[in-house]
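One structure is given below, encoded as C-alpha cells.
Note on naming: letters A, B, ... go to the chains in the order of the sequence lines (proteins, then strands), and numbering restarts at 1 for each one. Worth saying up front: this structure is predicted, and the values here are computed from it rather than measured.
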2 protein chains.
Amino acid sequence: MSPSKAPRKDPGPGGRPRLTREAVLSAALKLVGSEGLEALTMRRLGQELGVDPMSLYRYAANRAALLDGVTELVLNELAISPEDRDWQAQLRRIAHDLRLLALRHPNVVPLLVTRPLSTPLGLRPLGTLRPLEKILSLLTGAGFGAVNALHVYRAYYGFLYGHILNELQEFVVDTEEHEALLRLGLHRLPAREFPRLRALAPALADYDGGAELDQGLSILLSGLASRLPSAPEQDSHPPNTADSPSA
Amino acid sequence: MSPSKAPRKDPGPGGRPRLTREAVLSAALKLVGSEGLEALTMRRLGQELGVDPMSLYRYAANRAALLDGVTELVLNELAISPEDRDWQAQLRRIAHDLRLLALRHPNVVPLLVTRPLSTPLGLRPLGTLRPLEKILSLLTGAGFGAVNALHVYRAYYGFLYGHILNELQEFVVDTEEHEALLRLGLHRLPAREFPRLRALAPALADYDGGAELDQGLSILLSGLASRLPSAPEQDSHPPNTADSPSA
DNA sequence: GCCTAAAGTCTACAGTGTAGGGACTGTCGC
DNA sequence: GCGACAGTCCCTACACTGTAGACTTTAGGC
C-alpha cells in the first residue's frame, strides 16, 4: 500500500529527526530502566525526546499501550529457535536467558507479569505471544502431543516466572549494603515469631539465583520428560499414555 | 502502655462509628475487588467510607502503605499450621488454598507479586512474612536443614506463584463468553506465524487449574523430597548430603 | 466546667492522562 | 511554479490524582 512506512526522510543533521515508534519505545525503556516505572509519564517522556507530550499519542494510543510496547520490546530480546531437537537443553537455555533479561531490566518485570493479567490472551501484543508459540513448536517437535505441550509449557513457564519473581524480591541493587540492610531489616522482626527467618540472614545474603533456577529446572524437566510418549531421554520412567491426561 | 488502642467507644446507632485501620483496609479490599486496583484512590475510598479522604492518612501513611495493608489483609486469610508433620500434604493444601485465595481476589494478585519487588525483604509488612516463617518451620520440622528448607521454600513458592500468574492470565471472568472471546482473539493472530497457538483454542478453553497445579506439585515435591537427609517418604532415591548444596 | 490529645476536615498545590482543535511541514498532482 | 492534502506536532484545557499544612471538631480525664 503505502510505499514508505518509515519516517519520510532523514532531515539531515540540522532538523530534529522524525519520531518513530521504536524511538519512543526505546526512550521509554531507557527511562524506566534508569528511574523506574513511575517516572514514565507522558510529559516526562516527551521532555526526554524533546517533543510535546501529546505527540506520543501518535505512536501509542494510551499510556497502557505504551507499557505494552515496552514489554514487547524487552521480550524481543529473547531468542528462541525451535529447530533445536534437544528440548531440555533449549528450555534450560531459554530460562537462563530470560532470567538474565529480567536482571537486566528489573523495573520492567512488574509489567511482564502484570500486563497479561489485564489483557485476555488473544488480545496481547504479538511480541509477547511469540515465545509461547515458539516453545510450543519446540515441544511438539520433540515429540509432545499438542495438548501435552501446552501443559508442559505452563508448568515450565510458571516455574520460570515464579523463580524470577522470587529472585527479584530478594535482589537489592546496592550489594555493598545488601547484607547490612538485610540484617537490619530482619533484626526488626519479633524474635519470638520469626526465629527461623532471622537465623537465615547469612544464607539469604548470598543467594545464587542461577544455580537455584537450574536445580529447580532439573527437577521439573526430568519430571516433565516422563510425559513423553516414548521417553527417549536418559530417564527410565515407564512411558505414560500421553496427550490426554484427563478425559 | 495506653489502655485502649481500639476506638474509644461505640457511639451508638446515631453517630457514625469511629474509623479503624481494619475498617479502612477492608473497605479498600472491597473496592479493589469490585472495581479493580485503579478505582482505589484516596478520594474514592473516603467517599466509600463517608469520610474526608485526608482522614485515611491516619491509618495508612501512604497510598503505597494502603496497598501493603490490603495485601496483608488478603494474606491473612491463608492458614498455615506448622505442627503437621506430613510436609508434602501440607504444602499441597497450602498451595490449593493460596490458589483459591487468588481466584477469590484476582485484582489483588498484582499487588501480591508486585509489592515485594519494591520492598526489601526485611521491611515488608509482618503479615506477608508470616507464611514464609511458617513454611520454614514446617520444613525444618520435617527434617530439612535450615538452609535446605530455604531452598525448598523458594522452589515451592516460586512454582506456586508462577502457576497462579499463569492461571489468572488465562482467566476470563465471563465464562459464557470465554471460549468465544478466545476464538475471536486467537483468530486475529497471523495463521502462518501462530499455527500451534491457534490450533490450541479448544484446549485453552477448558483449563483445569487445580489439576494442573497438582500435577506440577507432584513433580516438584517428589523431586524436593530427595533433598531430605534420610528420605523417610515413599521415595526411594539415595539420600543426598544435605544442607550445603553449594560450597 | 476546662484541658489535652486525637480524629477528622478544609484548602491548596504540583503533577497526572488525555480530549479537541489549531499550526506546521513535507509530498504529490498539475 | 502552485494548490491540495494528509500526516505530525503543539497548545490549551479539564477532570482527576496524592498529599502537605493548618484548622475545627470530638471524646475522655479531671
With distance as the sole test, does [X] use its side chain to make a donor-acceptor pair with the main-chain N or O of [Y] at under 3.5 Å?
X        : Y        : value
B/Ser26  : B/Glu22  : yes
A/Arg130 : B/Glu193 : no
A/Asn107 : A/Val32  : yes
A/Arg154 : B/Glu212 : no
B/Arg63  : B/Met42  : no

Below the 4.0 Å mark, does D/dC9 have OP1 or OP2 next to a side-chain nitrogen or oxygen of A/Tyr59?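 A/Tyr59 to D/dC9 OP1/OP2: side-chain N or O found under 4.0 Å.
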Acceptor/donor pairs from residues 113-121 of chain A side chains to any protein atom, 3.5 angstrom cut, sequence neighbours excluded:
residue  : atom : partner  : partner atom : Å
A/Thr114 : OG1  : A/Pro110 : O            : 2.9
A/Arg115 : NE   : A/Asp68  : OD1          : 2.9
A/Arg115 : NH2  : A/Asp68  : OD2          : 3.3
A/Ser118 : OG   : A/Arg115 : O            : 3.1
A/Thr119 : OG1  : A/Arg115 : O            : 3.0

Can you list the residues that meet the ring-ring contact (aromatic ring centres under 6.0 Å, His included) rule with A/Tyr153, with sequence neighbours excluded?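 A/Tyr153 satisfies ring-ring contact (aromatic ring centres under 6.0 Å, His included) with A/Tyr157 once adjacent residues are dropped.
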Taking all atoms of both residues into account, what is the closest heavy-atom pair of B/Arg192 and B/Pro195, and its distance?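 Closest pair (atom of B/Arg192, atom of B/Pro195, distance): O-CD, 3.5 Å.
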Going 5' to 3' through nucleotides 13-24 of chain D, assign each nucleotide B (protein heavy atom under 4.0 Å from a base atom), S (under 4.0 Å only from sugar-phosphate atoms) or - (no protein heavy atom that close). B---BBBBB---
Whole angstroms only, please: what is the [atom1]-[atom2] distance between [X] and [N]?
X       : N      : atom1 : atom2 : answer
A/Leu45 : C/dT18 : CG    : C1'   : 15 Å
B/Asp52 : D/dT25 : CG    : P     : 14 Å
A/Gln47 : D/dC10 : CD    : P     : 13 Å

Sequence neighbours excluded, which residues qualify as side chain to side chain contact (heavy atoms under 4.5 Å, CB included) partners of A/Ala102?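 Listed in chain order: A/Val109, A/Ile164.
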Five-pair end axes of the helix from C/dG1-D/dC30 to C/dC30-D/dG1 and the angle they enclose, rounded to 10°: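 For the helix from C/dG1-D/dC30 to C/dC30-D/dG1, the axes at either end differ by 10°.
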Looking at residues 21-31 of chain B, who's got a heavy atom less than 4.0 Å off DNA chain C?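 Nucleic-acid contacts, sorted: none.
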With rounding to the nearest 0.5 angstrom, report the CG to NZ distance, B/Leu45 to B/Lys30.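 So the CG of B/Leu45 and the NZ of B/Lys30 are separated by 11.0 Å.
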